[in-house]
Amino acid sequence: MPELPEVWTITQTLKENIMGFEITKVASSRAPGIAPNISAQVAEKKITNIERLAKNIVFTLSQESGEDLFLIFHLAMTGQLLFDKVNSQKKPWERLELTLQKNNKALVLKFCDMRMFGKVYTANLNELKKLKEKYGQDIVEKMPSPKDFLETLRSKKTSVKNVLLQQNVISGVGNIYAIEALFLARILPKTPTQNITIQQAETLVKTLRKVLEEGIKDRGTTLDDKSYKDPFGRYGNHQKHLYIYGKKTCPVCNGLVRFEKINQRGTYFCPICQK
DNA sequence: ATGTTTGTTCCGAT
DNA sequence: CATCGGAACAAACA
């Protein structure tokens, strides 16, 4: 589910609401992807920072004495972070519950994940640094020059769409936004990276940035399964503004949109507009 | 029953 | 040894 714009929205919402809160209680279910030692690790620590790293959400946890610890969430396909009231009923697919307190305010943050591809675990500073090193260019954080972007694309011998999805090369982009950016750049998704021209690279990096920023402005994309929502349960709006993902006809030429699997991922493109 | 799904990691083939 | 792509992970829905 969540790609960069969705993770960005969730991170921002968390920042605005639970900075400085202390984790007073942890209830964790044993599930693949939930670190088994999580409770003891994070209890009684204070959330002093919240940031997005690629598609991860990273909490900095501080305590009176000792080093900072980092709590890392990866939502994968169906993960959610949802606020709830203290002593509330379990939500569907609830895997982890953090009770948070600051002054006289208390609330609960729940990690829910239907398919359980998501991960929750802790890391020390060194491990976080290693995680950061794994990720490639984040287009929203820093716009690469066309030349650098072309070099990045050509560093892998695969299709241009495939390389957009490789987090160690370009981080944060997922299937939907990759399809959208390629459509706006009028590039066929299967084009080998070696055939991409400097002009195409320049256009593509701009359209990538554009679709990611539009996604952020719309607070993310909620597809028909409704699985993406922000911590308050609010859906995104970007599904109303998608150009070609999930469409039957091309919004530019009105021709039939083609659907093909590329590296096992469903891919929509217009065989007329995209070259 | 089969095929589909926003993601990532691991393993086998080249 | 490096790189690429398919299988697997799991659950719900059409």
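All values below were derived from every heavy atom in this structure, side-chain atoms included, with hydrogens, water molecules and symmetry-related copies excluded. By convention in this document, chain letters (A, B, ...) are assigned in the order of the sequence lines, proteins followed by strands, and residues within each chain are numbered from 1. Values in this document were obtained by computation on a predicted structure and should not be read as measured data.
Side-chain contacts under 4.5 Å among hydrophobic residues (ILVMFWY), followed directly or transitively, place Ile272(A) with no other residue at all. The hydrophobic side chain of Leu256(A) is isolated, with no ILVMFWY side chain under 4.5 Å apart from it. Under a 4.5 Å side-chain heavy-atom criterion applied to ILVMFWY residues, the cluster that includes Val58(A) comprises Leu53(A), Phe70(A), Ile72(A), Tyr121(A), Leu125(A), Leu128(A), Leu131(A), Tyr135(A) as well. Residue Leu82(A) is found outside any hydrophobic cluster, as its side-chain heavy atoms come under 4.5 Å of no other Ile, Leu, Val, Met, Phe, Trp or Tyr.
For Glu151(A), the side-chain contact (heavy atoms from CB on, under 4.5 Å) partners two or more places apart in sequence, or in a different chain, are Lys147(A). By the side-chain contact (heavy atoms from CB on, under 4.5 Å) test, Gln199(A) pairs with Thr197(A), sequence neighbours left out. Residues forming a side-chain contact (heavy atoms from CB on, under 4.5 Å) with Thr222(A) (at least two apart in sequence, or on another chain): Lys226(A), Tyr228(A), Tyr235(A), Gln239(A).
Note on His74(A): every side-chain N or O is 4.0 Å or more away from OP1 and OP2 of dG7(B).
Applying the 6.0 Å contact sphere to CD of Gln89(A) captures no more than 12 heavy atoms from other residues, nucleotides or ligands.
Both Val42(A) and Ile47(A) are part of a single hydrophobic cluster, where members link through side-chain heavy atoms under 4.5 Å apart. Side-chain heavy atoms closer than 4.5 Å link hydrophobic residues (I, L, V, M, F, W, Y) into clusters, and following such links, even through other members, never connects Leu165(A) to Val160(A). The cluster map of Ile, Leu, Val, Met, Phe, Trp and Tyr, joined by side-chain heavy atoms under 4.5 Å apart, puts Leu208(A) and Leu188(A) in different clusters.
Residues from residues 111-138 of chain A that place a heavy atom under 4.0 Å from any atom of DNA chain C, listed by number: Met114(A), Arg115(A), Phe117(A). Scanning residues 258-271 of chain A for heavy-atom distances under 4.0 Å to DNA chain C yields Asn263(A), Gln264(A). Contacts between residues 165-175 of chain A and DNA chain B, defined by a heavy-atom separation below 4.0 Å, involve Gln167(A), Gly174(A), Asn175(A), listed by number.
Taking 4.0 Å as the cutoff to heavy atoms of chain A, we find the contact window on DNA chain C bounded by dC4(C) to dA12(C).
Separation of the P atoms belonging to dA10(C) and dC11(B) is 15 Å when rounded to the nearest angstrom. For dC4(C) and dT6(B), the C1' atoms lie 23 Å apart once the distance is rounded to whole Å. Across the P atoms, dC1(C) and dT9(B) are found 22 Å apart, a figure rounded to whole Å.
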Under the side chain to side chain contact (heavy atoms under 4.5 Å, CB included) rule, what do Met143(A) and Ile139(A) come out as? Steps first, then yes or no, please. CA-CA 5 Å; Met143(A) 217 25 200; Ile139(A) 302 292; 4.1 Å; yes
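Stretches of at least 3 consecutive Watson-Crick or G-U wobble pairs, with each checked distance under 3.5 Å, appear in DNA chain C as B:2-5 with C:11-14, B:7-14 with C:2-9.
For the pair Gln137(A) (side chain) and Lys142(A) (backbone), a donor-acceptor distance under 3.5 Å is present.
Classification of Lys110(A) and Glu94(A) as a salt-bridged pair holds, one side-chain N sitting under 4.0 Å from a carboxylate O.
For His238(A) and Tyr177(A), the ring centers sit closer than 6.0 Å to each other.
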